[in-house]
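Hydrogens, waters and symmetry mates are skipped; everything else that's a heavy atom, side chains included, is used. Sequence lines set the chain letters: A, B, ... in the order given, protein chains first and strands last, and positions in each chain run from 1. Predicted model, so just to flag it, every value in this text is computed and none were measured.
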Amino acid sequence: MALKRKLTSFYERLLQKHGKQGWWPLLSIGYHKGDYSIPRNAKEAYEICVGAILTQNTSWKNVEKALIKMDEVGLLDKKAILNASNEEIENAIRATGYYRQKARKLKEFTTFLQNNRGELTRDSLLGVWGIGEETADSIMLYAYKKAEFVVDSYTRRIMGEREGMFNSKMSYSSIKKLIEENLDKDYRLFQEYHALIVAEGKEQR
DNA sequence: AGCCAGGCTACCG
DNA sequence: CGGTAGCATGGC
């Protein structure tokens, strides 16, 4: 099939050009190229989830500042978030913008985690206020190593508009399905692919 | 000195 | 269903 070949060759091209990206970055080790064992524990997984929420329509630079501040004041922790006032959280994450909404989102998500000790699913995540399709997929893919392809604005622009692999105006779920049906369902491939698309997308500007 | 970031919800027709 | 205003700060 044509799309299958395009997806594979485009991935190879991006890999040649940008190299392995080492997503998702953690405060403790930064990027970790070629190491797909991250996260290694629940605390690291939680940091990824927090980052995924904070980076909604926000540059990673600003998210990093917020994560560092959260860490400094001890808020990069489930129990701490549940016990903190909204104002305390807002102060730590102000640099990411939308800080009132995001403070609420962090609380809603963390409450959900606590009430949900079993296996985390994409559908259950979508029921949490503040978590939409892209954030759910980012969390499943990078925090829980599940092969869920992340579709973002770069995916639409680069793969859709520029490379002509699909109509960029299609729904999130249609694009996701189309891509997933034509790639090996391997979380490491999905992690690297999405990170490479972002690298390519950031470059054009 | 604007425009735009690794989106989502609420609400409209 | 699809389309869009509002959310908000910091970087370039």
Where the side chain of [X] meets the backbone of [Y], is there a donor-acceptor pair that is under 3.5 Å apart?
| X | Y | value |
| --- | --- | --- |
| A/T110 | A/L106 | yes |
| A/E200 | A/I158 | no |
| A/E88 | A/S85 | yes |
| A/K145 | A/R188 | no |

Rounded interatomic separation in angstrom, taking [atom1] from [X] and [atom2] from [N]:
| X | N | atom1 | atom2 | result |
| --- | --- | --- | --- | --- |
| A/R156 | C/dG2 | CZ | P | 11 Å |
| A/Y172 | C/dC1 | OH | P | 17 Å |
| A/N91 | C/dA8 | CG | P | 14 Å |
| A/I139 | B/dG7 | CD1 | P | 14 Å |
| A/N62 | B/dG7 | CG | P | 13 Å |
| A/L125 | B/dG7 | CG | P | 17 Å |
| A/K69 | C/dT9 | NZ | P | 13 Å |
| A/I175 | C/dG2 | CD1 | C1' | 14 Å |

Looking at the side chain of [X], which of [options] is the nearest nucleotide?
| X | options | value |
| --- | --- | --- |
| A/Y154 | C/dA8, B/dA10, B/dG6 | B/dG6 |
| A/N57 | B/dA10, B/dA5, B/dC8 | B/dA5 |
| A/W24 | C/dG10, B/dG7, B/dG6 | B/dG6 |
| A/R157 | B/dA5, B/dA10, C/dA8 | B/dA5 |
| A/K65 | C/dA8, B/dG6, C/dG11 | C/dG11 |

Below 4.0 angstrom from OP1 or OP2 of [N], is there any side-chain N or O of [X]?
| X | N | answer |
| --- | --- | --- |
| A/R100 | C/dC7 | no |
| A/Y99 | C/dA8 | no |
| A/W60 | C/dG11 | no |
| A/K102 | B/dC8 | no |

All stems with DNA chain B, defined as three or more consecutive Watson-Crick or G-U pairs under 3.5 Å = B:2-5 with C:9-12, B:7-13 with C:1-7
How far does the [atom1] atom of [N] sit from the matching atom of [M], given to the nearest Å?
| N | M | atom1 | value |
| --- | --- | --- | --- |
| B/dC11 | C/dA8 | P | 16 Å |
| C/dG6 | B/dG6 | P | 24 Å |
| B/dA5 | C/dC7 | C1' | 14 Å |

More 5' along DNA chain C: A/S59 or A/T96, using each one's nearest nucleotide?
-> A/T96
Contacts of A/K61 and A/T58 projected onto DNA chain C by closest heavy atom; the upstream (5') one is A/T58
Report yes or no: do A/I53 and A/L82 belong to one cluster of Ile/Leu/Val/Met/Phe/Trp/Tyr joined by side chain heavy-atom distances under 4.5 Å?
-> no
Name the nucleic acid region contacted by [X], choosing base, sugar-phosphate or nothing; use a 4.0 angstrom heavy-atom cut-off, strictly under.
| X | answer |
| --- | --- |
| A/Q101 | base |
| A/I131 | sugar-phosphate |
| A/S153 | sugar-phosphate |

Centroid-centroid distance, A/W23 to A/W60, less than 6.0 Å = no
Do A/D77 and A/Y46 have a side chain donor and acceptor closer than 3.5 Å?
-> no
A/Y172 and A/D137: side-chain donor and acceptor closer than 3.5 Å?
-> yes
Is the aromatic ring of A/W23 within stacking range of B/dG6, meaning centres under 5.5 angstrom and planes under 30 degrees?
-> yes
Specify the residue among A/H194 and A/L126 whose closest nucleotide of DNA chain B lies further upstream toward the 5′ end.
-> A/H194
Ring geometry between A/Y193 and A/F149 (parallel below 30°, tilted from 30 to 60°, perpendicular above 60°) | perpendicular
